[in-house]
Peer 1: 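This structure is in structure tokens; I'll ask about it shortly.
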Amino acid sequence: MPDMSTKLLDGERALVTGCAGGIGRGIAKALMADGATVLGSDITAPPADDKIDYVAADLSRPDGWKGLLREATARLDTISLFVHAASPRRREEDTPLTVSEETWDAMTGVNLRSGFFLAREIGRQMRDHKIKGRILLVTSMHKETPRTLPHYSASKAGMTMVMKELARTLAPNGIRVNAIAPGAIPGGGFARNMDELVAQIPLGRPGMPDDVAQMAVAVLSERFGRYVAGTTIEVDGGLGLISWIPYKN
């Protein structure tokens with residue numbers, strides 16, 4: 001029986017993208033609180049009070065993930081936890097009929113391209129060093145539900161399949177790959193119709209970054225998540241149970 005007095009992630013070395021705010025920041029802080037050594041990355045630095053060890057990285061650039069991987073490997077030596085939470089901020093005006101190629105490329109570049117290559121290369125390192133590591137991709141309920149933001153929804157749907165492909169490939173090496181799908185989190189691009197949306201959430205409130213972060217800690221831990229692989233955990237207050245989501249353009 002596991003020692004319940006120890007922190008869930010003692011001794012783990014984690015890379016968390018998107019650490020400057022929102023869900024990524026919440027996950028980075030929660031991993032640190034449960035004992036992990038965390039290196040965060042983003043295009044801007046997180047608040048100094050967070051005390052997150054940080055490296056700047058622009059994952060929208062084709063080679064941005066390579067520089068981050070080099071820096072993370074140099075600082076952490078080996079990585080046992082990887083969380084990809086980085087995602088460009090969504091703009092409500094980027095509808096299916098108006099989104100530009102530049103915006104499409106930036107969104108898919110961060111979410112899907114960088115997410116895949118970072119997860120793949122870190123997974124290879126885990127395999128080669130015989131580390132029973134864990135990889136977590138932050139997707140969205142809009143991996144399945146239209147959001148009127150095709151570049152965002154398409155990239156999150158793609159990340160879901162990337163997770164499954166990597167999970168199947170790496171599981172024989174004891175490496176667990178999963179995804180977490182947040183629902184309505186204030187500050188994450190749900191600016192319009194927020195009151196109307198919250199009224200539809202069965203639990204009666206919007207989510208907070210810490211709601212997602214605590215679930216991330218659980219699934220990344222070997223105490224609670226040791227038999228969880230290749231799945232997406234919904235953290236949405238029951239929003240996925242309804243068939244109508246009030247987005248307007």
Side-chain angles (χ1 to χ4, degrees), residues 15-25 27 40-46 54-72 82-123 135-166 177 179-194 197 209 212 232 236 240 245-249:
L15 173 62
V16 180
T17 67
C19 73
I23 291 169
R25 178 189 177 203
I27 291 175
S41 77
D42 212 316
I43 55 174
T44 59
Y54 160 78
V55 57
D58 182 357
L59 296 181
S60 68
R61 298 174 51 191
D63 61 347
W65 69 270
K66 296 179 182 179
L68 174 58
L69 183 62
R70 286 194 298 270
E71 186 70 17
F82 171 56
V83 180
H84 186 54
S87 185
R89 187 165 183 83
R90 308 188 292 280
R91 303 184 307 167
E92 296 289 345
E93 58 266 31
D94 290 325
T95 69
L97 300 182
T98 63
V99 64
S100 68
E101 288 187 54
E102 181 181 16
T103 299
W104 178 281
D105 289 345
M107 182 68 75
T108 58
V110 173
N111 291 355
L112 188 54
R113 178 187 170 87
S114 291
F116 169 68
F117 285 112
L118 280 168
R120 185 185 73 176
E121 295 308 311
I122 290 170
I135 295 170
L136 185 66
L137 305 183
V138 178
T139 61
S140 168
M141 62 183 294
H142 299 294
K143 67 190 184 302
E144 299 171 340
T145 306
R147 175 68 174 87
T148 69
L149 299 175
H151 52 311
Y152 177 75
S153 299
S155 67
K156 294 300 187 179
M159 289 173 69
T160 301
M161 189 52 66
V162 160
M163 176 274 291
K164 292 181 179 182
E165 293 278 7
L166 289 174
V177 185
I180 194 165
I185 310 294
F190 287 86
R192 287 188 186 179
N193 315 111
M194 192 64 190
L197 178 60
V212 183
T232 297
D236 64 2
I245 299 176
Y247 297 123
K248 299 176 182 177
N249 297 110

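Computed over heavy atoms, backbone and side chain alike; hydrogens, waters and symmetry mates excluded. One is the number of the first residue; the rest follow in order along the sequence.
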Peer 1: State the CZ-CG distance between R120 and L69, to the nearest 0.5 angstrom.
Peer 2: 10.5 Å

Peer 1: Do R113 and P62 come close enough that some side-chain heavy atom pair is under 4.5 Å?
Peer 2: yes

Peer 1: Could you walk me through whether V99 and L149 pass the side chain to side chain contact (heavy atoms under 4.5 Å, CB included) check?
Peer 2: CA-CA 8 Å; V99 64; L149 299 175; over 6 Å; no

Peer 1: Quick one: closest heavy-atom pair of G183 and D236, and the distance?
Peer 2: CA-CB, 3.7 Å

Peer 1: I want to check something: taking the side chain as every heavy atom from C-beta on, are I27 and V138 in contact at a cut-off of under 4.5 Å?
Peer 2: yes

Peer 1: Determine, step by step, whether D58 and S60 satisfy the side chain to side chain donor-acceptor pair (under 3.5 Å) criterion, reporting the C-alpha distance in whole Å, the side-chain angles of both residues, the deciding distance to 0.1 Å, and the verdict.
Peer 2: CA-CA 5 Å; D58 182 357; S60 68; 2.6 Å; yes

Peer 1: Report the distance from atom CD1 of I180 to atom CE of M163, rounding to the nearest 0.5 Å.
Peer 2: 11.5 Å

Peer 1: Testing the basics here: between A57 and S41, what is the closest heavy-atom pair and its distance to 0.1 Å?
Peer 2: CB-CB, 4.3 Å

Peer 1: Considering non-hydrogen atoms only, spot the tightest contact between L112 and M159 and give its length.
Peer 2: CD1-N, 3.6 Å

Peer 1: Considering non-hydrogen atoms only, spot the tightest contact between H84 and V110 and give its length.
Peer 2: NE2-O, 2.9 Å

Peer 1: Please lay out, stage by stage, how L118 and L59 fare under the test side chain to side chain contact (heavy atoms under 4.5 Å, CB included).
Peer 2: CA-CA 10 Å; L118 280 168; L59 296 181; 4.2 Å; yes

Peer 1: Do S87 and K156 have side chains that get closer than 4.5 Å, going by heavy atoms?
Peer 2: yes

Peer 1: Does atom CD of E165 have more than 12 heavy-atom neighbours, drawn from other residues, nucleotides or ligands, at distances under 6.0 Å?
Peer 2: no

Peer 1: As an exercise, state the distance from CG of L15 to CD1 of I122, rounded to the nearest 0.5 Å.
Peer 2: 5.0 Å

Peer 1: Under a 4.0 Å N-O cut-off, is there an ion pair linking R91 with D94?
Peer 2: yes

Peer 1: Between the side chain of Y54 and the main-chain N/O of D42, is any donor-acceptor distance below 3.5 Å?
Peer 2: yes

Peer 1: Nearest 0.5 Å, please: how far is OG in S114 from NZ in K66?
Peer 2: 10.5 Å

Peer 1: Quick one: does W104's side chain get under 4.5 Å of P150's, heavy atoms only?
Peer 2: yes

Peer 1: Donor-acceptor pair, distance only, cut-off 3.5 Å: does the side chain of T98 make one with the backbone of T95?
Peer 2: yes

Peer 1: Would you compute the distance between atom OG of S100 and atom CD of E93 and round it to the nearest 0.5 angstrom?
Peer 2: 10.5 Å

Peer 1: Can you name the nearest heavy-atom pair linking P182 to T139, along with the distance?
Peer 2: CD-O, 3.5 Å

Peer 1: With side chains defined as the heavy atoms from C-beta onward, is the minimum distance between I135 and L166 less than 4.5 Å?
Peer 2: no

Peer 1: Examine distances only and state if a side-chain atom of T17 and a backbone atom of A85 form a donor-acceptor pair shorter than 3.5 Å.
Peer 2: yes

Peer 1: Mind listing the closest non-hydrogen atom pair of N111 and A86 along with its distance?
Peer 2: OD1-O, 3.3 Å

